[in-house]
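Each chain gets a letter, A, B and so on, in the order its sequence line appears, and its residues count up from 1.
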Amino acid sequence: MSQRVVDKIDGIVHDISNLVKSKGFPELPVDRNPPFGDFALICFPAAKSLKRNPNDISEEIGKEIQENDWIISAKNENGYCNVSIDWNKICVDFIDEISKSNYGKGDIEPKNILIEHTSANPTGPFHMGRARNPIIGDSIARLLGYYGHNVSTEYYVNDTGRQAATLAHGIAEYREGEEKKIDHALVEYYRSASDSLKNDESVRNQIYEKMELIESGNKEALNEVKTAAEKMLEGMKVSLRELGAEADNYYHESDLIATGKVNIVIDQLKKSDLCSEEKGAYYLDLEKENIAGRNQKFFFTRDNGLSLYTTRDIAYHIEKFKKYDRALNILGEDHKLQSKLLGIALREINCKIPETLFYSFVNLPGGKMSTRAGRVVYLDDIMQQITDLAMQKLGEIEDKEKLAKQIGIGALRYNILKVQAEKGFTFNIEEALNLQGDSAPFAMYSHARAASILRNFEKKLPKPDVESELEESEIRLLRTLSKWPEIVRKSVENLAIHYIPNYAHTLASDFNQFYRDCPVLGDQNEGFRINLVMCSKKILNENLSILGIEAPERM
RNA sequence: GCCCGGAUGGUGUAGCUUGGAAUCACAGAAGCCUGCGGAGCUUCAAACCCGGGUUCGAAUCCCGGUCUGGGCGCCA
């Protein structure tokens, strides 16, 4: 049998459907994910058209399809005919298939894809509120890469505008040699500059002058803000590295001004039919674009002719599409309108439009995260706490510190990734620190168990021959393994990363049950089972690596 | 006010695209270590925001509410 097993199963379902039709039944809906067996034929529509009891129809159909060689049982249950495939006949081929390196990957034409994620303003250390962005962005990048695309990630650095000018003003006072991590040290200077901006007129004037210089393209001013931002980013990058989510490239907004690319965009936008002018400031009139809100004027220059943040964002996206087939932005839900406007502007100048993945904000149990109210939780602190906890849980083991970090960071990433991005998220430290149940350590632990069996086996993997009938928990594990390619495909197509941790939990759980029921070493079915262990470990490993979680051999 | 999301056991979640027998975990109750690693396994108890509609069948689709998050720019 050279056919792929997953296709073989599809084929069996198809054949059975045809068989049922040839016996004079109407087409029956199929449930590919039934509570029992491999698929179910739903007999209610037939009950209606044939005016018969669905249980009788289901019984009758069950008898007909039992004849099929690939079917081991077909039983009625409340009008559902639950069909089980004979896994004994296909499991050996299936093991071969999973062992291959392309199992689970897409059969696609690879595209060059740029994923922009995080892009937090470089004004201070990361909050937990922003943590969803790098974690989702990085994992989506890994997912698309696993599927077969060429993926790069990029962080867009907002180093112009008022915040950047304020930062540059503030950190002029900074002297090297503080003990704190640099972003935690610099944020104090930013805060004090920010206060002066509000309360001290001369500071305010200085900062606004600086802004003017920046936007008008003054090389010296641009260099100053860029350097200031880079200094802050130095510390922020350390956090991203700890998280395992550092971007491949950093693109500075200041460079868009320095190279004159923004001015080209302004000229192009002025040619749009939607363009109007008001007191010297230019805007696109979006009344006909069904844009909500009172103000439908989308300004792209100030009255002094200089650019705005959004104008630069448009220029940035033009640059993206010069190099990439697809561009995906990972954005907080506060950017929805902004992103829509960006799309319209790009359309007006005949540029491709980026795809977007929005996530809801992270809140704290008592309400919003707010710097002003002092309700801030730093990513660095959470990474430290969760790593410390993992440290306590570990026994005496080699490389304990490294392992604790892998477990801690893994648990954090998993905790965030397992929930749909668009769902509201309340960050609960207690829950994130719970390393049992539906968590990264659970999957990591199953992986380590599998690794342990393979270590103890000490021989080369044999051919996966089956000597005795498969146990229920082996079939269950095989079924779960057979769904992996479909899970990956769905996750890629919907840009929905949460399917991946959900699957990891199912697979780990099925593996643990197999582990309980089926001795591997020394069993008469050792040859098959050791291969099944190897396959489970392989998929668990690939799954965790998409999530950016290490899969250690021991823990 | 207008625009865009969300609502599922006590808590947190999956399922919604493509209608079919409600997922999983935490917390609670009761069990399982002379077994390849107990961060494990088994059992019990517990949920689809409210009204209508379509359908043999609705958590899922349609209409109308309620509550809740986000947005409404010469800011970034």
- Message: The test is salt bridge (Lys or Arg N to Asp or Glu O under 4.0 Å); show your working for A/D510 and A/R479 and say whether it passes.
- Response: CA-CA 10 Å; A/D510 288 341; A/R479 270 188 195 130; over 6 Å; no
- Task: Ignoring the backbone of A/K423, work out which of B/rC41, B/rU8, B/rC75 is nearest its side chain.
- Result: B/rU8
- Message: Should A/F299 be counted as stacked on B/rC74, where stacking needs a ring-centre gap under 5.5 Å and an angle between planes under 30 degrees?
- Response: yes
- Query: Below 4.5 Å, heavy atoms only, C-beta onward: do A/Q392 and A/L389 meet side chain to side chain?
  - Reply: yes
- Task: Give the stems involving RNA chain B, where a stem is 3 or more consecutive Watson-Crick or G-U wobble pairs (i with j, i+1 with j-1, and so on) under 3.5 Å.
- Result: B:1-7 with B:66-72, B:10-12 with B:24-26, B:28-32 with B:40-44, B:49-53 with B:61-65
- Message: Using OP1 and OP2 only, check whether a side-chain N or O of A/H498 sits under 4.0 Å from B/rG15.
- Response: yes
- Under 4.0 angstrom, heavy atoms only, what part of the nucleic acid is A/M444 near: base, sugar-phosphate, or nothing? nothing
- With a non-hydrogen cut-off below 4.0 angstrom, is A/L308 in contact with a base, only sugar-phosphate, or nothing? sugar-phosphate
- Query: Taking the same atom, P, in B/rG31 and in B/rC36, what whole-Å distance lies between them?
  - Reply: 25 Å
- Could you work out the separation of B/rG73 and B/rU18 based on their C1' atoms and round it to a whole Å? 39 Å
- Query: Hey, does the side chain of A/R449 come within less than 4.0 Å of B/rG38's phosphate (OP1/OP2), counting only N and O?
  - Reply: yes
- Query: Contact class for A/P34 (heavy atom, under 4.0 Å): base, sugar-phosphate, or nothing?
  - Reply: base
- Message: Of the options B/rG70, B/rG5, B/rA39, whose atoms approach the side-chain atoms of A/Y445 most closely?
- Response: B/rA39
- Item | P-based separation of B/rC4 from B/rC63 [nearest Å] | 12 Å
- Query: Of all the nucleotides listed (B/rU8, B/rC26, B/rC36), which has the minimum atom distance to the side chain of A/Y515?
  - Reply: B/rC36
- Query: Between B/rA39, B/rC56, B/rG70, which one does the side chain of A/L394 approach most closely?
  - Reply: B/rA39
- Query: Which part of the nucleic acid, if any, lies within reach of A/D303 when heavy atoms closer than 4.0 Å are counted: base, sugar-phosphate only, or nothing?
  - Reply: base
- So what does A/L341 touch, heavy atoms closer than 4.0 Å: a base, only the sugar-phosphate, or nothing? base
- For A/F442, answer base if it contacts any base atom (sugar-phosphate contacts may also be present), sugar-phosphate if it contacts only those atoms, and nothing otherwise; contact means non-hydrogen atoms under 4.0 Å. sugar-phosphate
- Item | Contact under 4.0 Å: A/N121 side-chain N or O vs B/rA76 OP1/OP2 | no
- Message: When you compare the side chains of A/Y316 and A/E154, does any donor N or O come within less than 3.5 Å of an acceptor on the partner?
- Response: yes
- Counting any heavy atom closer than 4.0 Å, what does A/N428 reach on the DNA or RNA strands: base, sugar-phosphate only, or nothing? nothing
- Message: Say we look at B/rC49 and B/rG9: how far apart would their C1' atoms be, to the nearest angstrom?
- Response: 15 Å
- Message: So A/Q436, base contact, sugar-phosphate only, or nothing? Heavy-atom distance under 4.0 Å.
- Response: sugar-phosphate
- Message: Please tell me if A/Q338 has a side-chain N or O lying less than 4.0 Å from either OP1 or OP2 of B/rG73.
- Response: no
- Is any side-chain nitrogen or oxygen of A/N456 closer than 4.0 Å to OP1 or OP2 of B/rG37? yes
- Hey, is the side chain of A/K297 poking within less than 4.0 Å of OP1 or OP2 on B/rC74, counting only N and O atoms? no
- Message: Reading RNA chain B from 5' onward, which residue's closest nucleotide shows up sooner: A/S360 or A/A448?
- Response: A/S360
- Query: Counting any heavy atom closer than 4.0 Å, what does A/N78 reach on the DNA or RNA strands: base, sugar-phosphate only, or nothing?
  - Reply: nothing
- Under 4.0 angstrom, heavy atoms only, what part of the nucleic acid is A/C81 near: base, sugar-phosphate, or nothing? nothing
- Message: I'd like to know if A/R413 pairs up with A/E550 as an ion pair, taking the criterion as any Lys NZ or Arg NE/NH1/NH2 lying under 4.0 Å from an Asp or Glu carboxylate oxygen.
- Response: no
- Message: Between A/F514 and A/V533, is there a side-chain heavy-atom distance shorter than 4.5 Å?
- Response: yes
- Note on the structure: Of the listed B/rG12, B/rC56, B/rC75, the closest approach to the A/E431 side chain comes from B/rG12
- Message: Quick check: on RNA chain B, is the nucleotide nearest A/F425 upstream (toward 5') of the one nearest A/E553, or the reverse? Name the residue that is more 5'.
- Response: A/F425
- Item | Between A/Q163 and A/N121: side-chain donor-acceptor atoms closer than 3.5 Å | yes
- Using a cut-off of strictly less than 4.0 Å, decide whether A/Y503 has a side-chain nitrogen or oxygen near OP1 or OP2 of B/rC24. no
- Task: Quick one: label A/S452 by what it contacts on the DNA or RNA (base, sugar-phosphate, nothing), any heavy atom closer than 4.0 Å.
- Result: base
- Pairwise C1' distance, B/rG10 and B/rC16 [rounded to whole Å]: 25 Å
- Using a 4.0 Å heavy-atom cut-off across all strands, classify A/A164 as base, sugar-phosphate, or nothing. nothing
- Quickly work out the A/Q420 CD to B/rC24 C1' distance and round it to whole Å. 14 Å
- Message: Quick test of the criterion, 5.5 Å between centres and less than 30° between planes. Is A/Y80 stacked on B/rG20 or not?
- Response: no
- Message: Categorize A/S446 for me: base, sugar-phosphate, or nothing, with a 4.0 angstrom heavy-atom threshold over every strand shown.
- Response: nothing
- State, with a plain yes or no, whether a side-chain heavy atom of A/K405 is found less than 4.5 Å away from one of A/E401. no
- Quick one: label A/Q513 by what it contacts on the DNA or RNA (base, sugar-phosphate, nothing), any heavy atom closer than 4.0 Å. sugar-phosphate
